[in-house]
Amino acid sequence: MTDDTAIQARRREIASEHVLFKLIEYVEAKQPGVLDHIEASLSHLGDPAHDDTKDDEAVRGIARRMIAGARKEGLS
């Protein structure tokens, strides 16, 4: 990956995470329980890699932190 490609990927990830957080907060406010539903689905989440970098639990951990962050923001 070139530096420009990595920079663009990082920027897309940051923007996507922000939009996703705000969407989750909005939906949770309108439909309480959405975060619980998402959290309950994490056992199905995995890393699609087919090499030594594959780490399903690391992916689930990121999702758990995102959910915790959305819950925290929703309380503010």
Side-chain angles (χ1 to χ4, degrees):
M1 200 169 3
T2 67
D3 287 340
D4 287 342
T5 303
I7 291 166
Q8 287 300 321
R10 185 188 75 234
R11 289 174 180 164
R12 279 192 305 276
E13 181 180 352
I14 292 166
S16 297
E17 188 172 301
H18 174 80
V19 171
L20 179 60
F21 271 168
K22 292 302 172 185
L23 177 62
I24 290 170
E25 288 173 20
Y26 178 82
V27 173
E28 180 69 21
K30 301 289 184 185
Q31 187 68 41
V34 168
L35 289 172
D36 293 334
H37 178 74
I38 294 169
E39 191 169 39
S41 75
L42 294 183
S43 64
H44 302 288
L45 181 61
D47 185 341
H50 297 288
D51 59 15
D52 291 341
T53 65
K54 181 176 179 66
D55 189 341
D56 294 336
E57 193 50 43
V59 173
R60 291 182 195 118
I62 291 168
R64 284 186 199 99
R65 288 191 299 277
M66 291 175 75
I67 292 167
R71 286 187 197 279
K72 184 177 178 181
E73 282 295 315
L75 296 175
S76 301

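- Looking only at distances, a side-chain donor or acceptor of Asp47 sits under 3.5 Å from a matching main-chain atom of Asp55.
- In this structure, the separation between CG on Leu20 and CE on Met66 is 4.5 Å, given to the nearest 0.5 Å.
- Rounding to the nearest 0.5 Å gives a distance of 12.5 Å between CZ of Arg10 and OG1 of Thr5.
- For the atom pair CD1 of Ile67 and CZ of Arg60, the computed distance is 12.5 Å after rounding to the nearest 0.5 Å.
- Atoms NE2 and CD, on His37 and Gln31 in that order, are 11.0 Å from each other to the nearest 0.5 Å.
- In this structure, the separation between CZ on Arg64 and CD on Glu57 is 4.5 Å, given to the nearest 0.5 Å.
- In this structure, the separation between CG on Asp56 and NE2 on His44 is 13.0 Å, given to the nearest 0.5 Å.
- Other residues, nucleotides and ligands contribute only 12 or fewer heavy atoms inside 6.0 Å of the CG atom of Asp52.
- Glu28 pairs in a side chain to side chain contact (heavy atoms under 4.5 Å, CB included) with only one of the listed residues (Val34, Asp36, Leu23), which is Val34.
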Which pairs of donor and acceptor atoms, one on a side chain in residues 12-19, lie under 3.5 Å apart (sequence neighbours left out)?
| residue | atom | partner | partner atom | Å |
| --- | --- | --- | --- | --- |
| Ser16 | OG | Arg12 | O | 2.8 |

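- Shortest non-hydrogen contact noted between Pro32 and Ala29 is CD-O, 4.3 Å.
- Minimum interatomic distance between Val59 and Gly46 (heavy atoms only, all atoms of both residues): CG1-O, 4.2 Å.
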